[in-house]
Amino acid sequence: MLYFYNTLTRKKEFFNPIKAGFVSLYTCGPTVYDEAHIGNFRTFMFEDLLKRVLILSGLDVKHVMNITDVDDKTIKRASEQNKSLRELTEDYTQRFYNDLDWLKIIPADEYPLATLHVDGMILMIRTLLEKGHAYKEDDGSVYFKVDSFQDYGQLSNLVFEEQLTTSRIISDEYSKETAQDFALWKGWKPEDGEVYWDAPWGKGRPGWHIECSSMSVEYLGEHFDIHCGGVDNMFPHHENEIAQSQCSSGKPFVNTWLHSEHLMVEGGKMSKSEGNFYTINELKSQGFTPENIRYQLLSGHYRTKINFSLAKKQEGEKVIRRLGDFKVRLMAELNQDSQSEDLPAEYKIFKEKLFIDLDTPNALAVFFEYMRKMNTKIDSGLINIDEIVSALLFVEKFDYIFGIIPNDDITPDEIKTLAKKREAARIEKDWALADEIRSNIDSLGWEIKDTPSGTKLSKK
RNA sequence: GGCGUCGUACCCAAGCGGUCUAAGGGGCCGGUUUGCAAAACCGUUAUUCGCCGGUUCGAAUCCGGCCGACGCCUCCA
């Protein structure tokens, strides 16, 4: 039983896929004119979480994420750097994939590039023109006629007559009938250089919103289950997608819209135009691990603003170490065979938390309490093999969702050899030598712990 | 100006009218355990939920006002 907060209705709703057992999921991807920042990845991480929870619940997911590889910014950046549009966007797209991989985000099934799907967009624009939802301007641009779609504003809950005319609207360089009309097609201008496609109404390039409408239809059909993005995409991007898609197909577009809140940095929104952002590479060089970033991003609920902070890094390190130690401890107790495949009762509660609008903070709390309970049992020696096995199964499920338990043995041989020498010294009760070796290991960046189940090494 | 979110311990963060003398995590301090250290475990850290009123038998939770932070109103995850 899955429930999600649907932006369209502003309520938590029971999730019922269009086709039983299958979910069609579209998530707005990056504009590849620069490296993505941690704020962007908050959204991609949330979408990954959503996908993992859908899969955990037993559904098959088809996930499509677009890559915006043509727009004002990409064209501008390419020309500044004296590169072709293709060179620039391929580079940043690759970096984006690398960052996703590093963060342990499950890849989408499809990453359609806007530039390879212009034909579909032209078709959709033609339909909109034919149906009277769009009009051409003298410069070769085509605009969507917002007045022609009665439900415009339903997602973002905006009433346009009352809107303040902001400087951005006033300075809008395109001519159109009414301020809120938006571009489906942008007529070619000299600064676009080589970047243009031929359309029946003249050469130019697609507007931003049309790519998602067109590509989602192509990969998921006219009517699909879930569409998500950051809150800032609610308006205008998603609002415009709804308008385009519903007017062209005459059918409902998306059943469930999910939006993640912004990531803040020093109390303000992280954004490229403000210049206050961290890229993944910057965080890497600050010593962040993927697990630590995942912990920071997943320990708050996706619909609340969270502040990304270096201060929370220590907290993350501690939590990750505890979880890793717990897993190692369970493995060490795994000394007999067991046929048990049962998960502990707490797993059911854990799942229920996640199934109600991705409640990661409470799911974490459930797991931590369980972990404490199990540690106590192991301490007391009153644990049986079935409990160990089911705990390990729970750990596996837990980490499938959170992905914050680091991968196993990465200890270099040099350190292992030292640890063995120290073990020998300890058996001889040569504490001085044992301590000397320990401090030696310490200075090499590794920590040694003597536990009831043996000596353990971990990276500091 | 319009729409909207948030303000809970030293820090992060649940809570959505009674089970709240408020979960979970980090930190601090004290303890058990241990060759020492670490880990693990136990205890301690909010009679109180930005402030002021109201509704109610009952409010962190609902309503009103105020203060403060933040977001959207066509670049934006």
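Nothing here was measured: the structure is a model prediction, and the numbers come from that model.
B/rU34 is unpaired under the criterion used here, namely a Watson-Crick or G-U wobble arrangement in which both key atom distances are under 3.5 Å. Summarising the base pairing, B/rU21 is matched to no nucleotide, lacking a Watson-Crick or G-U wobble pair whose two defining distances lie under 3.5 Å. When both pairing distances are held under 3.5 Å, B/rG43 makes a Watson-Crick or G-U pair with B/rC29. Under the Watson-Crick or G-U wobble criterion, with both distances below 3.5 Å, B/rC3 is paired with B/rG71.
Contact annotation: A/Asn375 side-chain N/O to B/rA40 OP1/OP2 distance is not under 4.0 Å. For A/Lys318, a side-chain nitrogen or oxygen approaches OP1 or OP2 of B/rG27 to under 4.0 Å. Residue A/Arg426 has no polar side-chain atom (N or O) positioned under 4.0 Å from OP1 or OP2 of B/rC36.
Residue-to-nucleotide proximity on RNA chain B shows that, of A/His262 and A/Lys12, the 5′-proximal contact is made by A/Lys12. Toward the 5' end of RNA chain B, the nearer of the two residues A/Gly300 and A/Glu369, judged by each one's closest nucleotide, is A/Gly300.
For the C1' atoms, the distance from B/rU61 to B/rG18 is 11 Å, rounded to whole Å. Comparing the P positions of B/rC51 and B/rC42 gives an interatomic distance of 33 Å, to the nearest angstrom. B/rC6 sits 11 Å from B/rA14 when the P atoms are compared, rounded to a whole Å. With both ends at atom P, the span from B/rC29 to B/rU19 equals 34 Å, rounded to whole Å. Here, B/rC16 and B/rU55 have their P atoms 24 Å apart, quoted to the whole Å. Nucleotides B/rU21 and B/rG58 have their C1' atoms positioned 15 Å apart, rounded to a whole Å. Here, B/rC10 and B/rA23 have their P atoms 15 Å apart, quoted to the whole Å. Rounded to whole Å, the separation between the C1' atoms of B/rG24 and B/rA9 comes to 14 Å.
Counting any heavy atom pair closer than 4.0 Å across all strands shown, A/Ile378 reaches no nucleic acid atom. Counting non-hydrogen atoms under 4.0 angstrom, A/Arg77 reaches nothing in the nucleic acid. Residue contacts shown for A/His259 are absent, as no nucleic acid heavy atom lies under 4.0 Å away. Across all strands, A/Arg322 comes closer than 4.0 Å only to sugar-phosphate atoms, never to a base (heavy-atom distances). A/Gly229 comes within 4.0 angstrom of the backbone, heavy atoms only, and of no base. Residue A/Asp435 is classed as a base contact, given a heavy-atom separation below 4.0 Å to a base. Within 4.0 Å of A/Tyr33, counting heavy atoms only, lies no atom of the nucleic acid at all.
One donor-acceptor pair, N or O on each side, does fall under 3.5 Å between the base of B/rG35 and the side chain of A/Arg422. At a cut-off of 3.5 angstrom, the base of B/rG24 holds no donor-acceptor pair with the side chain of A/Asn362. Below the 3.5 angstrom threshold, one finds a donor paired with an acceptor across the side chain of A/Glu315 and the base of B/rG25. Within 3.5 Å, no donor on the side chain of A/Arg372 pairs with an acceptor on the base of B/rC41, nor the reverse.
Here the side chain of A/Leu263 is nearest to one of B/rC42, B/rC75, B/rA77, namely B/rA77. Comparing B/rA38, B/rA14, B/rG4 against the side chain of A/Asn157 picks out B/rG4 as the nearest. Listed nucleotides: B/rG27, B/rG4, B/rG25. Nearest to the side chain of A/Lys305: B/rG4. Out of B/rG2, B/rG26, B/rC42, the shortest distance to the side chain of A/Thr376 is found at B/rC42.
Rounded to an integer number of Å, the gap from A/Tyr295 OH to B/rC12 C1' is 7 Å. Taking atom CE on A/Met371 and atom C1' on B/rA39, their separation rounds to 12 Å, with Å as the unit. Separating the CG atom of A/Leu382 from the P atom of B/rA40 is a distance of 20 Å, rounded to the nearest angstrom.
Electrostatic pairing of A/Glu423 and A/Lys420 does not count as a salt bridge here, judged by no charged N lying under 4.0 Å from a carboxylate O. In this structure, A/Asp399 does not pair ionically with A/Lys327, as no charged nitrogen and carboxylate oxygen lie closer than 4.0 Å. Using a 4.0 Å cut-off between charged side-chain N and carboxylate O, A/Glu80 and A/Arg77 make a salt bridge.
A/His238 and A/Trp257 have tilted rings, their planes meeting at an angle from 30° to 60° on a 0 to 90° scale.
The minimum heavy-atom distance between A/Ile226 and A/Val23, with the atom names listed, is CD1-CG1, 4.0 Å.
Tested against A/Phe4, the residues A/Tyr302, A/Phe14, A/Phe15 include a single ring-ring contact (aromatic ring centres under 6.0 Å, His included) partner, A/Phe15.
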Donor-acceptor list for residues 46-53 of chain A side chains, cut-off 3.5 Å, not counting sequence neighbours:
unit_1	atom_1	unit_2	atom_2	d
A/Asp48	OD1	A/Ile106	N	3.0
A/Asp48	OD2	A/Arg52	NE	2.8
A/Lys51	NZ	A/His63	ND1	2.9
A/Lys51	NZ	A/Ile106	O	3.3
A/Lys51	NZ	A/Pro107	O	3.0
A/Arg52	NH1	A/Tyr400	O	2.4
A/Arg52	NH2	A/Lys104	O	2.6

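Under the 6.0 Å cut-off for aromatic ring centres, A/His117 and A/Tyr219 qualify, their centroids lying closer than that.
You can call A/Trp431 stacked on the base of B/rG35; the centres are under 5.5 Å apart and the planes sit within 30°.
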